[in-house]
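Below is one structure, written out as structure tokens; the observations come after it.
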Amino acid sequence: DQQVKQNSPSLSVQEGRISILNCDYTNSMFDYFLWYKKYPAEGPTFLISISSIKDKNEDGRFTVFLNKSAKHLSLHIVPSQPGDSAVYFCAASAGSAGGTSYGKLTFGQGTILTVHP
Amino acid sequence: ETGVTQTPRHLVMGMTNKKSLKCEQHLGHNAMYWYKQSAKKPLELMFVYSLEERVENNSVPSRFSPECPNSSHLFLHLHTLQPEDSALYLCASSPGQGAPDTQYFGPGTRLTVL
């Protein structure tokens, strides 16, 4: 049972345009969501996160939107740059409900983003 | 994030070998994690240590043995592995001081079992 799903294995975007990466989840106990970016032969790099008390969080070119009723989140990258080409993972945590001091993350399968010059 | 280091970066071993993966975090975090990433699969959590105590073991075979001697170091001892254990092994750490808790990853060790 995959609780976090990224249904698009890949996305191709022109430089300067918007990239929209999507993620769906099924566990209503999830209350903290993160996006990670991964280049080949490197570990995932934390990009941006959002708590369930918010519906939007912005950091520079990156904005994450959360729709709790639809159990859906998305990552917008504007404008997209060739250096953004990587695998993007969304992850979710039931932090508050988990009753632990550490964050147990559930990851999606990842979406390969390619930004063409 | 360069606060989590892993060695070696690449490892090739036979099924009868014994080897260890090392992870070190320089972030002052309380929690450390081992993940396995196989091709075309989501990251799989293997073990969690919180304040040097193992708090999660996600049904990992006993041929993988973790060790956390202090809050900055984490090891994964490997013995009699199988070819299907070939994967990228990632270490992560997090503040571990309650929700929300963000994990930061090391570069990984690419393991090949012959």
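Residue numbering restarts at 1 for every chain, and letters A, B, ... go by the order of the sequence lines.
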Relative to chain A, which of Leu51(B), Leu88(B), Asn30(B), Val55(B) shows the most heavy atom pairs under 4.5 Å?
Val55(B)
Check: Phe62(A) main-chain N/O paired with Asp59(A) side-chain donor or acceptor under 3.5 Å:
no
Would you say the ring centers of Tyr49(B) and Tyr33(B) fall short of 6.0 Å from each other?
no
Which bit of Thr102(B) comes within less than 4.5 Å of chain A, counting heavy atoms only: side chain, backbone, both or neither?
both
Under 4.5 Å to a heavy atom of chain A? For Leu43(B) that would be both
Which atoms of Leu34(A) come close to chain B, meaning under 4.5 Å heavy atom to heavy atom: side chain ones, backbone ones, both, or neither?
side chain
Looking at Asp101(B) and Lys104(A), is any side-chain nitrogen of the basic one under 4.0 Å from a carboxylate oxygen of the acidic one?
no
Does any heavy atom of chain B fall under 4.5 Å from the side chain of Gln2(A), the backbone, both, or neither of them?
side chain
Which one of Glu44(B), Gln37(B), Lys41(B) has the most heavy-atom pairs closer than 4.5 Å to chain A?
Gln37(B)
Modelled atom types, side-chain donor and acceptor of Ser12(A) and His116(A), under 3.5 Å:
yes
Could you check which of Gln6(B), Gln97(B), Gln103(B), Arg9(B) has the highest count of heavy-atom pairs closer than 4.5 Å to chain A?
Gln103(B)
Interchain contact, Tyr39(A) with chain B, by part (heavy-atom threshold 4.5 Å)
neither
Would you check if the distance from the ring center of Phe47(B) to the ring center of Phe64(B) is below 6.0 Å?
no
With a cut-off of 6.0 Å (strictly less than), are more than 12 heavy atoms of other residues, nucleotides or ligands near CZ of Arg17(A)?
no
Could Asp84(A) and Arg61(A) be called an ion pair, given the rule that one side-chain N must be under 4.0 Å from one carboxylate O?
yes
Considering only heavy atoms and a distance below 4.5 Å, find which of Ser49(A), Gly43(A), Gly108(A) pairs most often with chain B.
Gly43(A)
